[in-house]
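First the proteins, then the strands, lettered A, B, ... as listed; each starts at 1. Computed from a prediction, not measured in an experiment: that's the story for all the values here.
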Amino acid sequence: MNHVGKIIGKPILRKDAPGKVAGEARYVDDLALPGMIYGKVLRSPHPHARVRSIDASRALKHPGVLAVLTAQDIPGANSIGAIIKDQPILCGDVVRFAGDAVAVVAAETERAAEEAMAQVVVNYEVLPAVMDPLKAMEPGAPSVHPAGNIGTHFKARRGDVQAALRDAAVVLERRFFTQRIEHAYMEPEGAVAAVDPQGGITIWSSTQYPHRDREEVSRMLGLPQSRVRVHQMTTGGGFGGKLTPHAQCCAALIAWKTGRPAKVKYQRDESIIASHKRHPYVMDLKLGATKEGKLLAIEATLVGDTGAYLYEGRAVITKSVTHVTGPYYIPSVKADGYAVFTHTVPCGAMRGYGIPQIAFALESLMDELATRVGLDPIEVRMRNALDTTLPTATGQVLHASVPFKEMLQRTKRAADSFKPLLAKAPKGKRRGIGVGCSTRSIGSIRKSSRSTAIVTLSPDGSVTIACGHVDLGQGSDIMMAQVAAEVLGVDVDRIQLLTNDTAVAPDCESTSASRVTYLSGNAVRLAAEKVRRQVLELAGRDLGCDPEDLRLVDGVVAYRERGITLADLFNRHVYHEITAVADFMPETEPLDPETGQGSAAGTYSFSTHAALVDVDEGTGQVQVLRYAAVCDVGRLINPITVEGQVRGGVMMGIGYALTEEVKVNGGVSNPSFATYLVPTSFDVPEEISVEIVEDPEPTGPFGAKGFAEGTLDPVGAAVANAVSAAIGVRVVRLPMTSERVHALLHEPSS
Amino acid sequence: MRSFDYFAPQSLGDATSLLRRYGSKSRLLAGGTDLLLRLERRLTEPSVVIDLKKIRALSGIKASGKGLRIGAVTLMEEIASSPLAQGRYGIIAKGAAAVGSIQTQNRATLGGNLCNASPAADTAPPLIALSARARIASSRRDREVPLEEFFLGPGKTCLQPNELLKEIFIPAPAGRSGGSFQRCTRTAMDIALVNCAVFLSLAPKRETIADIRIALGAVAPTPLRARPAEDVLRGKNPDKGAVEEAADRAAAGASPIDDIRSSASYRRDMVRILTRRAIEEALKEALGSRQQKKWQR
């Protein structure tokens with residue numbers, strides 16, 4: 001390409017930014033349709049109960065109430081779920097967590113719906129519940145689903161782990177615990193639905209995946225998918241939490257049954273009580289190494305609490321098992337991951353998707369190994385680092401774009417720059433440095449991923465891109481615009497994205513799994529290249545020259561001093577516009593169900609982080625003073641957007657490390673931001689340094705690949721290693737609340 | 001939220017007349033940062049809301065030789081940044097600066113924070129340590145109570161239905177003094193797990209503590225004076241052991257609870273830690289101010 005680098009890599013401001021800052025962006029709750037009514041979801045207060053009867057007679061008499069809908073009112077399939085559809089939209093017979101939906105109340109006002117909801121009488125037969133995943137695995141535990149409480153058992157097997165551990169000079173073994181956390185997106189879930197006169201239905205929603213909204217609503221109503229149209233509204237964050245369109249289904253059911261447009265929005269407490277969470281894990285890890293610190297074997301048992309439903313749990317646990325060796329080469333691997341049902345709020349996708357848990361455990365043991373063999377933590381990692389010749393846990397050799405060793409060197413420099421500060425800890429504070437590393441496959445783990453884009457060039461040189469990967473605030477729209485602008489020689493302002501409408505944008509799967517840049521960046525690039533080729537061939541014919549010698553710039557095809565406008569060119573050849581479709585699907589090889597071996601993804605991204613922390617000896621409070629994140633993006637497309645992602649990911653990771661925990665006592669017992677604590681800007685380091693490493697991925701668009709979740713993956717690990725270094729006691733449980741660290745400081749044996 | 005009648009009187013007299021008429025059917029509105037949440041959650045359902053923000057006499061900070069007066073509807077932000085609330089009164093500015101977020105501080109008022117009577121209110125311990133008095137108005141008579149007697153329990157104050165809090169008066173501290181406000185939270189914007197204020201004055205020309213007041217928050221149904229801890233230090237030239245003993249006594253006298261934020265035993269230990277830190281900081285300030293005076297002469 002003759003003008004690569006003109007737009008790729010430039011810090012171009014996103015188009016959505018000014019409107020969001022000024023409060024002009026329109027979210028789903030800003031939408032009001034004429035005659036719109038409101039729905040409220042009635043939820044079970046019991047973790048496990050049989051629904052004997054639902055009496056809505058009093059509620060229906062409440063002024064303004066139009067309908068009380070239950071499982072019986074669902075015309076099609078009463079099941080929902082991102083991957084496995086095992087959650088009832090409205091529970092007909094059994095509720096499996098305190099928060100499971102049993103009815104929706106529709107009324108003229110939100111107030112009336114709320115008041116009427118209190119008058120619906122549900123007769124429950126309370127059943128015994130199991131709340132702990134280890135107890136749920138024991139024989140005789142109450143069953144969450146008829147097939148038993150182990151939803152998934154995924155395995156990785158390579159080499160003879162027992163023999164390797166027997167021969168290892170160093171064997172380290174520990175149990176680690178991580179907690180359930182909430183996405184805490186600024187905008188809770190919500191949707192508006194309206195039936196159309198042709199018998200279809202239209203949804204406006206806050207979503208990560210409009211085509212899944214379409215699929216779930218069509219299944220529920222028994223409508224062809226083509227009759228369901230979904231518009232994604234400006235979405236105030238997703239982080240994996242907006243992949244299950246429950247609010248959309250409730251709004252659609254009301255609209256379908258009453259004929260009135262309907263809005264359903266979750267309140268914050270409802271969002272925390274009912275939406276899925278990050279899986280809490282119990283992890284038993286055993287690591288064998290030589291006395292030189294070279295890893296020989298890993299044995300791991302990972303138990304993830306998937307809560308009441310498995311819809312994403314199987315894939316999350318698979319992600320953990322396939323990444324059990326982290327960014328290291330470990331010859332022998334035996335890992336067993338279980339997604340276990342309990343009668344608690346379901347767990348599903350959340351930024352990181354099974355990696356932050358395993359990174360915390362593995363990186364903690366890597367630090368212990370460093371201590372045991374007398375090496376610097378970076379050096380022990382360097383000795384085991386993956387490169388372009390060594391296989392991942394699934395046996396995949398990454399032939400390019402593995403800059404892990406270079407990243408470790410950069411992180412060493414960052415950690416070294418913290419070292420002079422160690423001696424400067426104020427009285428009463430203990431100071432420590434920690435590093436954390438991770439890697440992740442880009443895209444879905446259990447299946448292939450494909451993205452499709454339609455690029456249209458108009459005679460005035462402007463461009464339309466239709467691609468179903470929606471922007472949730474992370475900046476994928478500007479990425480796609482820059483890719484197309486680079487290929488087609490136009491300014492990004494001339495490019496319009498159509499991602500948020502299922503009627504025009506092709507289904508590209510969800511905006512998740514750090515996939516959008518790698519997959520849709522490629523699909524857009526390929527489609528734009530097709531358009532460009534066609535234009536240059538037409539012009540080459542007219543100008544009597546080789547298309548290779550032509551340039552396409554600002555709506556003009558130029559050959560030396562001569563040029564032809566697109567308008568003239570299109571006119572001459574009777575094109576009103578030129579459109580091309582392309583898709584991209586990286587080469588992968590499915591994972592063997594017995595050994596977990598296979599090529600999980602087209603590319604991997606790496607992260608190496610370092611943290612400097614203070615621990616208050618009196619209160620146990622941890623403060624992250626400095627943070628340095630080194631990121632692997634293949635090739636940088638937009639530095640502003642990348643840095644924003646990194647800062648956000650690190651801050652989210654600090655919450656995971658220090659304060660955030662969804663507590664369950666029957667139901668969620670801390671469903672507010674006064675009791676569930678997300679870090680504020682005062683709780684994170686003033687400066688988070690961001691270093692970008694560019695080692696192009698040959699199969700990526702202009703060498704780019706995904707990195708989004710990697711910004712969070714190793715944060716818990718890095719902060720935990722820093723805290724462990726500061727207090728001299730190994731932390732085995734997240735979050736490191738002041739109270740827990742205080743206990744570690746005073747009772748080291750616990 | 002149930003509907004209610006809204007009044008915004010311009011004068012204190014109009015406000016107290018409204019209170020006389022509506023009494024317990026009414027709720028007073030200042031910044032609204034507590035009241036609006038309670039209305040929204042239907043924890044209170046008044047038929048009348050009386051907004052005090054338009055009454056000029058209730059707002060602002062005034063200093064005189066006798067002390068400092070802070071109107072009940074003065075914003076936290078005004079207190080936190082006022083030059084009048086610095087120096088020897090500095091711990092009230094620190095308390096105000098600890099309440100909620102910056103957005104909250106631009107809205108919330110001192111009177112609101114006190115009348116809400118949360119055991120964890122960040123303005124209460126500093127004011128109690130500073131011997132502040134609550135000036136109360138009604139259509140019948142005005143009265144004044146020591147602030148530590150103002151609180152009766154969580155959400156309960158000594159105000160009668162026809163009364164309102166007019167202002168807080170802090171008597172000017174005598175001689176060399178020092179203060180400290182400490183709090184323990186899980187994040188920067190969290191409600192205090194424990195908070196503690198110490199204010200002490202030294203005997204003339206000596207390093208003996210003439211008087212000391214220690215106030216604790218979030219460890220009892222109301223903000224608490226730690227009198228046994230004060231007794232350890234009053235009249236003493238304190239050493240490390242005495243400070244430790246005072247801190248231990250403060251912890252022993254606290255009756256914190258287990259809740260979702262933390263355990264009682266952690267809170268009790270934090271009382272000890274914060275009290276010790278507060279005494280140390282207050283002493284440092286008091287001794288430092290003497291040196292500063294010497295230097296000024």
Side-chain angles (χ1 to χ4, degrees), chain A residues 109-111 114-115 118 184 267-269 272 426-429 616-624 651 654-655 657-686 735-747, chain B residues 1-3 33-34 37-42 45 97-105 118 120 182-196 218 240 243-244 247 251 256 258-281 284:
Chain A
T109 63
E110 269 187 279
R111 198 23 159 332
E114 219 166 78
E115 287 168 348
Q267 299 298 313
R268 179 61 66 185
D269 56 353
I272 299 179
K427 188 174 159 269
K429 298 275 172 96
D616 186 316
E617 283 179 343
T619 65
Q621 186 148 44
V622 177
Q623 192 189 356
V624 182
M651 290 186 224
I654 288 174
L658 298 182
T659 56
E660 294 185 35
E661 178 164 20
V662 171
K663 295 183 181 170
V664 173
N665 180 10
V668 173
S669 57
N670 55 340
S672 83
F673 289 151
T675 49
Y676 180 86
L677 293 183
V678 178
T680 70
S681 52
F682 295 106
D683 299 301
V684 296
E686 269 183 42
M736 294 170 282
T737 60
S738 304
E739 187 164 356
R740 279 200 187 131
V741 175
H742 179 262
L744 290 176
L745 278 164
H746 294 92
E747 310 147 45
Chain B
M1 199 184 295
R2 222 179 68 176
S3 62
T33 54
D34 287 309
L37 290 176
R38 294 179 61 79
L39 289 170
E40 169 86 26
R41 291 174 195 162
R42 297 183 142 197
E45 299 200 310
V99 175
S101 64
I102 288 167
Q103 290 91 330
T104 304
Q105 288 162 25
S118 159
Q182 302 280 332
R183 68 199 292 264
C184 174
T185 58
R186 298 164 304 164
T187 59
M189 235 173 62
D190 190 19
I191 297 168
L193 297 177
V194 175
N195 53 20
C196 171
K240 199 166 176 250
V243 174
E244 295 279 355
D258 279 309
D259 69 8
I260 197 146
R261 296 188 172 91
S262 87
S263 68
S265 66
Y266 179 73
R267 281 194 167 99
R268 191 182 297 280
D269 206 34
M270 290 310 100
V271 172
R272 187 175 62 79
I273 299 283
L274 297 193
T275 305
R276 194 191 71 210
R277 287 181 181 177
I279 296 166
E280 284 170 357
E281 189 178 76
K284 213 169 145 189

Applying a strict 4.5 Å limit to non-hydrogen atoms, the region of Ser263(B) in contact with chain A is both

The interface call for Thr737(A) against chain B, heavy-atom contacts under 4.5 Å, is neither

Residues 659-668 of chain A vs chain B, non-hydrogen distance cutoff under 4.5 Å, contacting residues -> Thr659(A), Lys663(A)

### Message
Any carboxylate oxygen within less than 4.0 angstrom of a Lys/Arg side-chain nitrogen, looking at Arg276(B) and Glu617(A)?
### Response
no

Under 4.5 Å to a heavy atom of chain A? For Asp269(B) that would be side chain

For Ala674(A), the side chain to side chain contact (heavy atoms under 4.5 Å, CB included) test, sequence neighbours excluded, returns Ser672(A), Arg261(B)

Side chain to side chain contact (heavy atoms under 4.5 Å, CB included) filter on Ala264(B), not counting sequence neighbours, yields Pro256(B), Asp258(B)

Residues 182-194 of chain B vs salt bridge (charged side-chain N to carboxylate O under 4.0 Å, His left out), sequence neighbours excluded, gives Asp122(B)-Arg183(B), Arg186(B)-Asp190(B)

- [ ] Could you tell me whether Arg41(B) atom CZ has more than 12 heavy atoms of other residues or ligands within 6.0 Å of it?
- [x] no

Whatever's closer than 4.5 Å to a heavy atom in chain B on Gln621(A) counts as side chain

Checked Arg277(B), Arg267(B), Arg272(B) vs chain A; the most non-hydrogen pairs under 4.5 Å come from Arg277(B)

In short, Asn670(A) meets Ile260(B) closest at the heavy-atom pair CB-CD1, 3.6 Å

dist Thr185(B):OG1 -> Leu677(A):CG (nearest 0.5 Å) comes out at 9.0 Å

Side chains of Phe682(A) and Ile102(B): closer than 4.5 Å at any heavy-atom pair? yes

Rounding to 0.5 Å, atoms CD (Glu739(A)) and OG (Ser265(B)) come to a distance of 6.0 Å

